[in-house]
*Asks:* 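The following block contains the structure, expressed as structure tokens.
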Amino acid sequence: MKLLLDTHIVLWAAGQPERLSESARTLLTTPENMLFFSVASIWEIVIKRGLGRDDFKVNPRRLREMLITHGYSELAVGAEHVLAIESLPPIHKDPFDRLLLAQARTEGMLLLTVDASVSQYKESVLTV
């Protein structure tokens, strides 16, 4: 299964694995699953870290390095992802989450998230 990790899942997997649910840990450690993080998540971390958010204190360069070292694949943002946002119903307003969802749908992945707002989309979302 191809899993695109929501930003908080990325952060918790890298630095606070105890915050992950049992089902999330299982999905992240199942060898058959292909794990992806989006450039949009790195962008979100850079922006929110710059705003001084306590939950985004991680060094984004180091995080990216470690994700790649541990076998996660990076998903770039392409025009097809951005254009797919247009077809999403206006359930959730967060632009980063909407881009991640559009990427998951475009790439045939499941977006792994803990966000109840994102989970309202149902299609292409796996809530843990």
Side-chain angles (χ1 to χ4, degrees):
M1 181 170 22
K2 290 179 167 182
L3 299 172
L4 178 59
L5 308 185
D6 193 359
T7 305
H8 274 93
I9 300 283
V10 168
L11 290 168
W12 296 344
Q16 297 175 299
E18 68 279 0
R19 295 195 65 183
L20 294 168
S21 68
E22 183 69 31
S23 59
R25 283 194 295 275
T26 299
L27 288 165
L28 295 177
T29 57
T30 300
E32 296 79 30
N33 290 340
M34 295 177 282
L35 306 176
F36 293 83
F37 69 95
S38 174
V39 168
S41 289
I42 303 300
W43 180 26
E44 180 178 12
I45 291 164
V46 167
I47 288 173
K48 292 181 178 177
R49 181 176 188 237
L51 294 172
R53 289 262 310 255
D54 285 338
D55 51 343
F56 289 88
K57 292 211 180 272
V58 65
N59 179 321
R61 288 181 193 276
R62 178 83 173 126
L63 174 63
R64 179 180 177 269
E65 229 175 72
M66 294 311 297
L67 289 167
I68 292 168
T69 298
H70 286 92
Y72 292 71
S73 298
E74 183 176 88
L75 179 61
V77 175
E80 66 278 5
H81 301 137
V82 174
L83 293 170
I85 295 170
E86 187 175 40
S87 66
L88 295 176
I91 294 171
H92 191 44
K93 304 264 189 254
D94 184 288
F96 295 107
D97 289 335
R98 290 174 61 81
L99 179 53
L100 291 173
L101 180 59
Q103 284 186 295
R105 285 185 174 185
T106 302
E107 300 296 330
M109 300 176 174
L110 290 175
L111 177 61
L112 192 63
T113 187
V114 295
D115 189 325
S117 297
V118 174
S119 66
Q120 291 178 55
Y121 284 99
K122 297 189 185 353
E123 182 190 332
S124 302
V125 175
L126 184 56
T127 307
V128 289

*Asks:* Using side chain to side chain contact (heavy atoms under 4.5 Å, CB included), reason through Val77 and Val82 one step at a time and then give a plain yes or no.
*Replies:* CA-CA 8 Å; Val77 175; Val82 174; 3.9 Å; yes
*Asks:* Between Lys2 and Glu107, does the salt bridge (Lys or Arg N to Asp or Glu O under 4.0 Å) criterion hold? Intermediate values first, please.
*Replies:* CA-CA 9 Å; Lys2 290 179 167 182; Glu107 300 296 330; 5.8 Å; no
*Asks:* Are Asp94 and Ser117 side-chain neighbours, meaning at least one heavy-atom pair lies under 4.5 Å?
*Replies:*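 A side-chain contact is absent here, since even the closest heavy-atom pair is not under 4.5 Å.
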*Asks:* Kindly give the heavy-atom pair with the smallest separation between Ser119 and Thr127, and that separation in Å.
*Replies:*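 Here Ser119 and Thr127 meet closest at CB-OG1, 2.8 Å.
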*Asks:* Going through the distances and angles, do Glu65 and Arg61 end up as a salt bridge (Lys or Arg N to Asp or Glu O under 4.0 Å)?
*Replies:* CA-CA 6 Å; Glu65 229 175 72; Arg61 288 181 193 276; over 6 Å; no
*Asks:* Determine whether the side chains of Glu80 and Thr106 contain a donor N or O and an acceptor N or O closer than 3.5 Å.
*Replies:*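 The answer is no; no qualifying pair exists.
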*Asks:* Enumerate, atom names and distances included, each donor-acceptor pair closer than 3.5 Å involving a side-chain atom of residues 11-20, sequence neighbours excluded.
*Replies:*
none

*Asks:* May I ask you to test the Phe36-Tyr72 pair for a side-chain heavy-atom distance under 4.5 Å?
*Replies:*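 Contact flag for Phe36/Tyr72 side chains = no.
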*Asks:* Of the non-hydrogen atoms in Ile68 and Glu74, which two are nearest, and what is the gap between them?
*Replies:*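 Shortest heavy-atom separation between Ile68 and Glu74 comes out as CD1-OE2, 4.3 Å.
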*Asks:* Main chain of Glu22, side chain of Thr26: is a donor-acceptor contact present, judged purely on distance under 3.5 Å?
*Replies:*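 At least one qualifying donor-acceptor pair exists.
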*Asks:* Using a 4.5 Å cut-off on heavy atoms from C-beta on, say whether the side chain of His81 contacts that of Leu99.
*Replies:*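 SC-SC contact between Leu99 and His81 confirmed.
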*Asks:* Quick one: pull up CG in Leu112 and CG in Leu126 and give me the separation to the nearest 0.5 Å.
*Replies:*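 With rounding to 0.5 Å, CG (Leu112) is 5.5 Å from CG (Leu126).
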*Asks:* Is there a side-chain contact between Leu101 and Asp97 (heavy atoms, below 4.5 Å)?
*Replies:*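 Of all side-chain heavy-atom pairs linking Asp97 with Leu101, none is under 4.5 Å.
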*Asks:* Would you check if the side chain of Thr113 reaches a backbone N or O of Asp115 as a donor-acceptor pair within less than 3.5 Å?
*Replies:*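 A pair under 3.5 Å: yes.
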*Asks:* Using modelled atom types only, decide if a donor and an acceptor are shared between the side chain of Gln103 and the backbone of Ala76 within a distance under 3.5 Å.
*Replies:*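 Checked: pair present.
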*Asks:* What is the distance from atom CZ of Arg98 to atom CD1 of Ile85, rounded to the nearest 0.5 Å?
*Replies:*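 Separation between the atoms: 7.0 Å.
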*Asks:* Tell me whether Leu5 is reachable from Ile42 by hopping between hydrophobic residues (I, L, V, M, F, W, Y) whose side-chain heavy atoms are closer than 4.5 Å.
*Replies:*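 Result: yes, single cluster for both.
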*Asks:* Val10 and Phe56: same hydrophobic cluster, using ILVMFWY side-chain contacts below 4.5 Å?
*Replies:*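 Same cluster.
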*Asks:* Contact between Trp43 and Lys48 at the side-chain level, heavy atoms closer than 4.5 Å - yes or no?
*Replies:*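 Not touching, per the 4.5 Å side-chain cut-off.
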*Asks:* If hydrophobic clusters are built by linking Ile, Leu, Val, Met, Phe, Trp and Tyr wherever their side-chain heavy atoms come under 4.5 Å apart, do Leu28 and Leu111 end up in the same one?
*Replies:*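 No, it is not one cluster - the side chains of Leu28 and Leu111 are not joined through contacts under 4.5 Å.
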*Asks:* Walk me through whether Met1 and Leu27 qualify under side chain to side chain contact (heavy atoms under 4.5 Å, CB included).
*Replies:* CA-CA 9 Å; Met1 181 170 22; Leu27 288 165; 3.8 Å; yes
*Asks:* Quick one: closest heavy-atom pair of Ala104 and Ser124, and the distance?
*Replies:*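 Scanning both residues, the minimum pair turns out to be CB-O, 4.2 Å.
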*Asks:* Would a distance-only check, ignoring hydrogens and angles, find a side-chain to backbone donor-acceptor pair under 3.5 Å from Arg49 to Val58?
*Replies:*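 Here the side-chain-to-backbone pair exists.
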*Asks:* Just do the side chain to side chain contact (heavy atoms under 4.5 Å, CB included) check on Thr7 and Ile45 with the steps written out, would you?
*Replies:* CA-CA 8 Å; Thr7 305; Ile45 291 164; 3.8 Å; yes
*Asks:* Would you compute the distance between atom CZ of Arg105 and atom OG of Ser87 and round it to the nearest 0.5 angstrom?
*Replies:*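 That separation rounds to 6.5 Å.
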*Asks:* Would you indicate whether the side-chain heavy atoms of Ser41 and Leu100 approach each other to under 4.5 Å?
*Replies:*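 Heavy-atom side-chain distance check passes, below 4.5 Å.
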*Asks:* Report the C-alpha separation of Val128 and Ser21 in whole Å, then their side-chain angles, then the decisive distance to 0.1 Å, and conclude whether the side chain to side chain contact (heavy atoms under 4.5 Å, CB included) test is met.
*Replies:* CA-CA 6 Å; Val128 289; Ser21 68; 3.7 Å; yes
*Asks:* Report yes if the side chains of Leu63 and Phe37 come closer than 4.5 Å at any heavy-atom pair, otherwise no.
*Replies:*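 Counting from C-beta outward, Leu63 and Phe37 never come under 4.5 Å.
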*Asks:* Are the side chain of His70 and the backbone of Leu67 linked by a donor-acceptor contact shorter than 3.5 Å?
*Replies:*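 Side chain of His70 to backbone of Leu67: no pair is present.
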*Asks:* Enter the distance from Ile47:CD1 to Arg53:CZ here, rounded to the nearest 0.5 Å.
*Replies:*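 So the gap between those two atoms works out to 11.5 Å.
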*Asks:* Is there a donor-acceptor pair under 3.5 Å between the side chain of Tyr121 and the backbone N or O of Pro89?
*Replies:*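 Yes, Tyr121 side chain to Pro89 backbone: donor-acceptor pair under 3.5 Å.
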*Asks:* Do the side chains of Gln120 and His92 get nearer than 4.5 Å, heavy atoms only?
*Replies:*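 Not touching, per the 4.5 Å side-chain cut-off.
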*Asks:* Give, for atom CZ of Arg25 and atom OG1 of Thr30, the distance between the pair rounded to the nearest 0.5 Å.
*Replies:*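 Those atoms lie 12.5 Å apart.
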*Asks:* Under 4.5 Å between side-chain heavy atoms, hopping through other hydrophobics if needed: is there a path connecting Leu110 to Leu4?
*Replies:*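 Leu110 does not cluster with Leu4.
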